[in-house]
*Asks:* 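Provided herewith is a single structure, encoded as structure tokens, for subsequent inquiry.
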Protein chains: 2
Amino acid sequence: MIVLNPLFSKLDGKMPLGQEERAALAGLIQSKARRLPARQDLYVEGDAISPIRIILDGWACRYEQFADGRRQIVELFLPGDIMGQDCQFVERQDHSACSISALSYALVPRSELDAVARQFPAIGQALLWDASVAAAIHRQWIRSLGRLSATQRIAHLFCELLYRSARAGLARGTTFDMPMGQRDLGDARGLSTVQVNRTVQLLRSAGLLEWRRRIVEISDLPRLTRIAMFRPNYLELAPDSELLMSRSDTGPEIAARTGPEDRDLPLFR
Amino acid sequence: MIVLNPLFSKLDGKMPLGQEERAALAGLIQSKARRLPARQDLYVEGDAISPIRIILDGWACRYEQFADGRRQIVELFLPGDIMGQDCQFVERQDHSACSISALSYALVPRSELDAVARQFPAIGQALLWDASVAAAIHRQWIRSLGRLSATQRIAHLFCELLYRSARAGLARGTTFDMPMGQRDLGDARGLSTVQVNRTVQLLRSAGLLEWRRRIVEISDLPRLTRIAMFRPNYLELAPDSELLMSRSDTGPEIAARTGPEDRDLPLFR
DNA sequence: CGTGCCGTTGAACTTGGTCAAACGGTGTGG
DNA sequence: CCACACCGTTTGACCAAGTTCAACGGCACG
């Protein structure tokens with residue numbers, strides 16, 4: 001039987017489900033599992049609307065394709081995330097989606113998910129909660145792309161991905177699996193691969209993180225958090241998360257300023 | 001009695017409501033109207049969650065405040081838009097919101113809106129549809145901030161605002177009310193006011209639009225659309241909208257490339 | 001052992017930011 | 001009525017972050 005550990009792990013923080021609800025969701029995805037290699041399109045712009053996908057393993061993304069070959073990733077999906085819930089009213093996709101790593105997901109017809117959500121109101125609430133967190137992440141991306149420097153944008157995304165991995169039960173301490181390449185990172189942050197590379201080198205040499213062979217370890221989370229002006233509250237982490245224990249005491253009121261000890265590093269604006 | 005013309009006008013395109021539903025919504029906002037001068041905060045980061053606001057007249061926005069005084073607008077609200085629907089699960093706001101122009105809105109407790117949505121499923125569906133369009137707008141903002149030049153970003157926002165004004169029944173042809181200043185425009189597009197000014201001048205001198213005293217007239221919508229690589233489909237306009245009649249025949253598959261006649265203009269990337 | 005992708009590095013270039021000052025309309029008080 | 005302050009817009013000069021182009025190295029894979 002297929003299990004939904006990343007999804008349950010994520011929900012346990014704020015919207016825990018009972019045994020019945022878990023069983024209902026698990027039953028929903030029975031015999032609906034699909035697999036896809038890395039870097040394959042799930043759908044492209046103009047395609048008919050597709051069923052909902054619950055990510056079981058691997059990463060995926062939504063992106064906007066440009067005529068000149070460039071692209072912009074607009075949303076990332078980690079295990080436990082739900083794709084396409086917000087597209088029930090359009091007939092055709094206005095964007096594309098692809099796998100980042102090898103992917104395993106459940107393809108659930110909208111009608112079936114709706115039926116389960118009606119039968120178990122807690123599931124309906126959990127879906128709404130998940131959508132509201134996704135919207136909060138969108139707002140943070142806009143903030144990041146609009147006003148942060150390249151260094152801060154990359155740092156912010158690493159912070160976000162660490163916390164999201166941890167929520168899904170996929171991080172060990174401050175280490176997590178990072179299936180994106182530097183090109184993907186640039187497509188998500190609106191940066192060239194060259195700039196991504198230079199920035200990652202900077203973060204590495206500043207002792208903030210290590211990244212080798214798909215494994216990222218955040219070596220100095222408090223400092224990375226400060227540099228990125230990252231405030232994890234929008235992700236609504238479980239209050240007992242070990243990551244929150246070690247967080248730097250930035251006031252919640254206003255986006256944190258970088259500390260004086262970061263002034264010497266270039267590109268930190 | 002207060003009417004909700006902008007909201008109904010918006011919904012009429014894709015999710016029209018019957019007389020009963022309209023009356024129910026109208027009754028909901030009775031005696032709940034509020035007024036606010038321009039540039040006043042509705043709430044700030046850290047505030048307790050507030051009831052839902054249905055914009056009746058004027059513009060508002062959500063924004064992220066930085067410690068150094070800069071800010072990033074992450075969402076714009078026009079008449080007929082609904083604020084705060086996606087915040088029902090958090091206790092504290094993770095961002096701020098303020099009026100742009102003088103504002104008139106209805107302050108509706110979430111419980112009452114939910115009750116009406118349960119009683120009239122069409123209203124519930126309409127709310128979901130509205131949220132899905134808001135999410136699509138978010139994705140377009142990310143695309144815009146991530147990969148478009150300053151000229152394209154500004155042009156894209158003008159296109160979006162024209163279409164959204166038209167949907168709300170607030171545009172006459174290609175003319176609409178624009179209560180944002182150039183500083184606000186920069187805060188929404190992640191640009192400095194200086195750059196906004198130069199860009200607006202460029203668009204003006206290219207004969208693409210006129211903007212005087214809060215009134216914007218798009219003089220050459222097809223060309224502005226092409227320059228901005230704007231595809232209106234994500235806004236889910238009513239199929240009979242006059243704006244769609246005049247649209248340039250960009251293929252829906254791939255974001256349009258700027259035409260050759262725009263190559264001579266600077267900053268069009 | 002070639003081939004291709006990804007990461008890395010250097011150099012020239014361009015966009016947009018920063019700083020500073022002037023301009024123009026509007027409201028206010030003398 | 002005029003002087004003044006204030007606010008948003010406009011303009012110029014300079015600067016810096018990030019892009020583009022190009023080449024090279026390493027590693028995986030066929």
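Below, read A as the first sequence line, B as the second, and so on, with proteins coming before strands; counting in each chain starts at 1.
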*Asks:* Between atom CE in B:M180 and atom P in D:dG8, what is the gap in whole Å?
*Replies:*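 Atom-to-atom, B:M180 to D:dG8, this comes out as 13 Å.
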*Asks:* Please state whether the phosphate of C:dT8, meaning OP1 or OP2, lies under 4.0 angstrom from any side-chain nitrogen or oxygen of A:Q182.
*Replies:*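 Yes, because at least one side-chain N or O of A:Q182 sits under 4.0 Å from OP1 or OP2 of C:dT8.
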*Asks:* Between D:dT9 atom P and B:I154 atom CD1, what is the distance in whole Å?
*Replies:*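 Interatomic distance, CD1 of B:I154 to P of D:dT9: 12 Å.
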*Asks:* Of the options C:dT8, C:dG16, D:dC21, whose atoms approach the side-chain atoms of A:Q201 most closely?
*Replies:*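 It is C:dT8.
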*Asks:* Any donor and acceptor pair, going by atom type alone, linking the side chain of B:R189 with main-chain N or O of B:V196 inside 3.5 Å?
*Replies:*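 No, B:R189 side chain to B:V196 backbone: no donor-acceptor pair under 3.5 Å.
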*Asks:* Below 4.0 angstrom from OP1 or OP2 of C:dT8, is there any side-chain N or O of A:N197?
*Replies:*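 So the side-chain polar atoms of A:N197 do come within 4.0 Å of the phosphate oxygens OP1 or OP2 of C:dT8, strictly under.
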*Asks:* Using a 4.0 Å heavy-atom cut-off across all strands, classify A:G186 as base, sugar-phosphate, or nothing.
*Replies:*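 Touches nothing.
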*Asks:* Please confirm whether B:R71 makes a cation-pi placement over B:Y63, using NZ or CZ under 6.0 Å from the six-membered ring centre and within 45° of the ring normal.
*Replies:*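 Because its charged atom sits under 6.0 Å from the ring centre and within 45° of the axis, B:R71 does stack over B:Y63.
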*Asks:* Salt bridge between A:R231 and B:E64, side-chain N to carboxylate O under 4.0 Å?
*Replies:*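 Yes, this pair counts.
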*Asks:* Considering only side-chain heavy atoms of B:S149, which listed nucleotide, D:dT19, C:dG16, D:dG12, is closest?
*Replies:*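 Comparing D:dT19, C:dG16, D:dG12 against the side chain of B:S149, the answer is C:dG16.
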*Asks:* Can you name the nearest heavy-atom pair linking A:P79 to A:L56, along with the distance?
*Replies:*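 For A:P79 and A:L56, the tightest heavy-atom pair comes out as CB-O, 3.7 Å.
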*Asks:* Which nucleotide in the set D:dT20, C:dG16, D:dG12 lies at the smallest distance from any side-chain heavy atom of B:V194?
*Replies:*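 The nucleotide sitting nearest to the side chain is D:dG12.
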*Asks:* Given atom CG of A:L203 and atom P of C:dT8, what is their separation to the nearest angstrom?
*Replies:*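 The answer, rounded to whole Å, is 12 Å.
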*Asks:* Quick one: B:L202 CG to C:dG16 P, roughly how many Å, whole number?
*Replies:*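 Result: 11 Å.
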*Asks:* With heavy atoms under 4.0 Å as the rule, sort A:V200 into base, sugar-phosphate or nothing.
*Replies:*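 Touches nothing.
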*Asks:* Regarding A:R39, tell me which of base, sugar-phosphate or nothing describes its non-hydrogen contacts under 4.0 Å with the strands shown.
*Replies:*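 Sugar-phosphate contact only.
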*Asks:* Report the nucleotide, chosen from C:dG16, C:dC6, C:dT18, that has the shortest atom-to-atom distance to any side-chain atom of A:R183.
*Replies:*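 So the nucleotide nearest the side chain must be C:dC6.
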*Asks:* Name the nucleic acid region contacted by B:R213, choosing base, sugar-phosphate or nothing; use a 4.0 angstrom heavy-atom cut-off, strictly under.
*Replies:*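 Sugar-phosphate: the residue B:R213, judged by heavy atoms under 4.0 Å, touches backbone atoms but no base.
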*Asks:* Pick the closest DNA chain D nucleotide for B:W211 and for A:G190 by heavy atoms, then say which residue is nearer the 5' end.
*Replies:*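 Taking each residue's closest nucleotide, the earlier one in sequence belongs to B:W211.
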*Asks:* Heavy atoms only, 4.0 Å cut-off, all strands: where does A:R204 land among base, sugar-phosphate and nothing?
*Replies:*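 Sugar-phosphate, backbone atoms only, no base.
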*Asks:* Rounded to whole Å, please give me the gap between CD in B:Q195 and C1' in D:dT10.
*Replies:*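 In whole Å, D:dT10 C1' and B:Q195 CD are 13 Å from each other.
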*Asks:* Once you round it to whole Å, what is the distance between C1' of C:dG17 and CG of B:L185?
*Replies:*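 Those two atoms, CG and C1', are 16 Å apart.
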*Asks:* Please state how far atom CZ in A:R214 lies from atom P in C:dC5, giving the value in whole angstrom units.
*Replies:*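 So the two atoms are 18 Å apart, to the nearest Å.
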*Asks:* What I want to find out is whether A:R212 reaches A:E217 closely enough, with some N-O distance under 4.0 Å, to be called a salt bridge.
*Replies:*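 Judged by the 4.0 Å cut-off on N to carboxylate O distance, A:R212 and A:E217 do not form a salt bridge.
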